[in-house]
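If you're wondering where the values come from, they're calculated on a predicted model, not measured in any experiment.
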Amino acid sequence: AAEKATADFGAESPEAKSAWEAVEEQNAVGDVAIASKPGLDVECDTSDDAACIDYNAQIAELQQLIASSKPALETMKAQLSTLAAAPLAGLAPAATAETKGGVDVEALTAAAEKATADFGAESPEAKMAWEAVEDMYDSANAATASAPGLDEACLTDAVEKCAAFETAMAALEESIAKSAA
């Protein structure tokens, strides 16, 4: 009717506007009816149809999953807290730009450059000097290269996410308990 009124009288006509208002009112009444329809948690309190049996089975399975996840979550939180509280053992603090493993990088590099200038790049003296520079970098980075890649920010973030997950699971469990009551 609204489309016909628009076609017959024009979109701005009082007839078309009135017809479209009626359509909007009808749609709003339908939306309210849909929104006010009870969910399966309420509807299934008194019904034994197949949808309710399936719904109740899924809720029971979810409750079991929540209950079984609690010990694992506690273990994860404890492990993350332990890792976050203790620095990785055996790792020295990072070397500064001037020194690596207590060796003066600039002096060692300068000696290698001097040997190259004095004796040539292919000379045994230059090769040995540059090998010493390489060894210094290799030995200073060996401990760091073999260390796990976990850092404090990552662990702190994981602990926070664990806490947020635990809060969400508690809220879900509470909501399920309320709907079952």
*Mind checking the CE-SG spacing from M169 to C162? Nearest 0.5 Å is all I need.*
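Rounded to the nearest 0.5 Å, the CE-SG separation comes out at 11.5 Å.
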*Could you grab the distance from atom CD of Q64 to atom CD of E61, nearest 0.5 Å is fine?*
7.0 Å
Which residues share a salt bridge (Lys or Arg N to Asp or Glu O under 4.0 Å) with [X], sequence neighbours left out:
X	value
E24	none
E174	K178
E74	K77

*Using side chain to side chain donor-acceptor pair (under 3.5 Å) as the criterion, list what pairs up with E173, not counting sequence neighbours.*
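Only K70 meet the side chain to side chain donor-acceptor pair (under 3.5 Å) criterion with E173.
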*By side chain to side chain donor-acceptor pair (under 3.5 Å) - contacts of Q58 (at least two apart)*: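 D54.
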[X]: which residues meet the side-chain contact (heavy atoms from CB on, under 4.5 Å) condition with it, sequence neighbours left out?
X	value
L172	L62, I66, I176
S18	none
A132	L108

Show which side-chain atoms of residues 110-117 pair as donor or acceptor with protein atoms under 3.5 Å away, not counting sequence neighbours.
from, atom 1, to, atom 2, distance (Å)
K114, NZ, D118, OD2, 2.6
T116, OG1, A112, O, 2.9
T116, OG1, W130, NE1, 2.8

*Write down the atom of A19, the atom of A2, and the distance for their closest heavy-atom approach.*
CB-CA, 3.5 Å
*Counting N and O atoms only, with roles assigned by atom type, does the side chain of S123 sit under 3.5 Å from a partner on the main chain of G120, one being a donor and the other an acceptor?*
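Flag set: sc S123 to bb G120 pair under 3.5 Å.
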*asked:* Using a 4.5 Å cut-off between side-chain heavy atoms of Ile, Leu, Val, Met, Phe, Trp and Tyr, which other residues end up in the same hydrophobic cluster as V23?
replied: W20
*Tell me who clusters with F9, hydrophobic residues only, linked when side chains sit under 4.5 Å apart either directly or through other members.*
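Members other than F9 - counting any ILVMFWY side chain reachable under 4.5 Å - there are none.
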